[in-house]
*Asks:* 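Before anything else, here's the structure in question.
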Amino acid sequence: MMSEGEGVAAVVVAAGTGERLRATLKGAAPRKAFFPLAGRPLIRWTLAALRRCPRIDERVVVLHAEDLADAETCERLRAWGATALVAGGARRQDSVLAGIAACSGGDERLVAVHDAARPLVSAEDLERVCAAAAKDGAAILAGRARDTVKRSDGEGNIQETLPREQLWLAQTPQVARRGALQAAIVAAGDVTDEAMALERAGVKVSLVEARSPNLKLTVAEDAELMARYLPRPPKLAMRVGQGSDFHSLVVGRPLKIGGVTVPFEKGSLGHSDGDVVLHALVDALLGAIGGGDIGTLFPDTDPSLAGADSRMFVAEALRRVGAAGYRPGQVDMTIHAEKPKLAPFKAAIRASIAGSLGLAERAVNVKAKTREGLGAIGRQEAIAAEVIVTVVADE
Ligand code: MG
């Protein structure tokens with residue numbers, strides 16, 4: 001992408017209450033610019049989108065006076081990339097004028113007026129519309145009419161079909177020279193966008209077709225569709241998961257620990273083979289990718305899992321870690337058991353776990369602790385395990 005070219009000041013219009021949006025929400029709703037989209041306020045996404053265009057070197061946000069009076073809101077907006085904050089007016093065009101007044105530079109400075117409600121605008125489209133305005137004096141991003149367009153007679157009947165080739169749907173940014181835009185808006189009377197004021201003033205405005213979706217949030221239902229187009233957050237290089245498990249020890253069951261059969265007079269009670277270490281390991285693997293827990297994945301009410309080899313659960317958790325784009329990095333664990341003494345089995349448990357995760361043995365650590373005869377574990381009535389794993393991003 002081009003990174004040189006004439007600089008542009010963005011004016012982000014964020015003063016609107018969003019009445020259509022509020023009408024679709026139950027209960028109290030924030031002002032539109034602060035509507036949560038994929039867990040973040042709308043305007044945070046919009047400012048991030050503008051920051052991806054190197055040519056845009058200033059971002060003036062026009063706020064409702066109540067938002068501007070809130071110090072915390074102002075601080076957050078600055079952290080998200082706002083370079084100046086001003087109060088809006090009664091009409092959109094009053095807010096735009098207030099924003100233009102707060103921009104730096106003279107009459108020839110390029111100003112890009114952008115709706116806070118359009119957070120998806122791509123860096124490429126921003127660059128294209130700014131370049132067109134630098135060349136022609138004024139330009140807007142727009143979409144072509146894709147459907148056949150009808151004019152109605154006002155009573156729900158078709159009056160005529162309009163020539164689609166000439167029909168464009170105006171979006172933002174709308175970019176023009178500061179002096180010309182200010183003069184046009186002041187002279188225009190009521191207008192619904194800046195281009196309309198420029199048209200009335202006889203300024204030629206270029207149409208630049210948006211190549212990426214540049215949807216506007218108007219009603220709450222728009223948010224779900226828009227969230228699909230948002231840039232995905234960068235993946236963490238490493239994540240950590242934790243798991244623990246606890247089983248009763250009873251006579252007549254084998255004692256499985258980390259996939260190893262440990263000779264002992266009791267074994268752990270459970271629907272599957274009761275392997276306390278592997279169950280904690282599965283929870284740790286799932287935890288590292290935000291993947292829920294073992295009980296949800298493999299319910300102990302599922303008859304097909306009676307007596308199941310817990311290595312199967314580990315294999316499924318490992319598959320899910322891979323599907324999330326990660327692989328295991330390292331494992332550490334503590335096994336709590338009074339008896340049997342685990343020292344002779346630690347090496348085998350370590351090798352077993354390294355093998356089932358495809359790790360070198362040095363990446364697995366096994367620790368064992370007794371409970372000084374206290375509690376259920378100390379009385380040899382139970383066994384417990386705690387596991388921590390790291391997973392690292394593929395690539
Ligand atoms: Mg268990």
Side-chain angles (χ1 to χ4, degrees), residues 239-324 328 330-342 345-346 348-359 364-371 374-391:
R239 299 181 61 158
V240 177
Q242 173 273 343
S244 69
D245 198 25
F246 182 98
H247 281 259
S248 300
L249 289 174
V250 293
V251 174
R253 292 266 304 180
L255 180 58
K256 290 272 199 170
I257 302 178
V260 174
T261 305
V262 175
F264 188 52
E265 72 234 29
K266 293 192 216 172
S268 50
L269 187 63
H271 183 61
S272 64
D273 64 7
D275 192 320
V276 73
V277 163
L278 294 191
H279 293 183
L281 174 65
V282 167
D283 265 355
L285 289 167
L286 294 173
I289 56 162
D293 63 24
I294 189 172
T296 315
L297 235 54
F298 304 106
D300 61 9
T301 49
D302 182 344
S304 75
L305 298 178
D309 183 336
S310 295
R311 283 177 297 190
M312 185 187 96
F313 304 155
V314 175
E316 174 58 18
L318 196 58
R319 191 192 67 73
R320 289 176 181 235
V321 167
Q330 176 211 349
V331 182
D332 187 23
M333 73 183 67
T334 303
I335 305 165
H336 301 277
E338 197 70 20
K339 273 195 177 164
K341 291 294 173 205
L342 292 176
F345 302 98
K346 279 189 198 170
I349 293 169
R350 182 189 202 193
S352 161
I353 287 176
S356 45
L357 296 181
L359 286 173
V364 178
N365 190 57
V366 178
K367 312 191 290 298
K369 282 229 174 305
T370 64
R371 284 286 169 88
L374 298 172
I377 292 171
R379 293 190 300 270
Q380 303 170 37
E381 293 164 8
I383 183 169
E386 293 160 322
V387 175
I388 289 177
V389 303
T390 59
V391 296

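Counting convention: from 1, in listed order, for ligands and their atoms alike. Bear in mind that the values here come from a model prediction, so they are computed numbers and not experimental data. These values consider heavy atoms only, across backbone and side chains, with no hydrogens, waters or symmetry-generated copies. The chain is numbered in sequence order, starting from 1.
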*Asks:* So which pairs with a foot in residues 381-391 pass salt bridge (Lys or Arg N to Asp or Glu O under 4.0 Å), sequence neighbours left out?
*Replies:*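 Applying salt bridge (Lys or Arg N to Asp or Glu O under 4.0 Å) to every pair that reaches into residues 381-391, excluding sequence neighbours, yields R379-E381.
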
*Asks:* Has the side chain of D273 got a donor or acceptor atom that lies under 3.5 Å from a matching backbone atom of S310?
*Replies:*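 Such a contact is found between D273 side chain and S310 backbone.
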
*Asks:* Counting only heavy atoms not in R239 (residues, nucleotides, ligands), do more than 12 fall under 6.0 Å from its CZ?
*Replies:*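 More than 12 heavy atoms, drawn from other residues, nucleotides or ligands, come within 6.0 Å of this atom.
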
*Asks:* Tally every protein N/O/S atom whose distance to the Mg ion (ligand 1) is less than 2.8 Å; waters are neither shown nor counted.
*Replies:*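 Under the 2.8 Å cut-off, the count stands at 3.
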
*Asks:* Checking S248 side chain against L269 main chain: does a donor-acceptor pair fall under 3.5 Å?
*Replies:*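 Absent.
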
*Asks:* When you measure from the side chain of K256 to the backbone N and O of T261, does any donor-acceptor pair fall under 3.5 Å?
*Replies:*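 Checking the backbone N and O of T261 against the side chain of K256, no donor-acceptor pair under 3.5 Å is found.
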
*Asks:* Can you tell me if T390 uses its side chain to pair, donor with acceptor, with the backbone of Q330 under 3.5 Å?
*Replies:*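 Yes, T390 side chain to Q330 backbone: donor-acceptor pair under 3.5 Å.
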
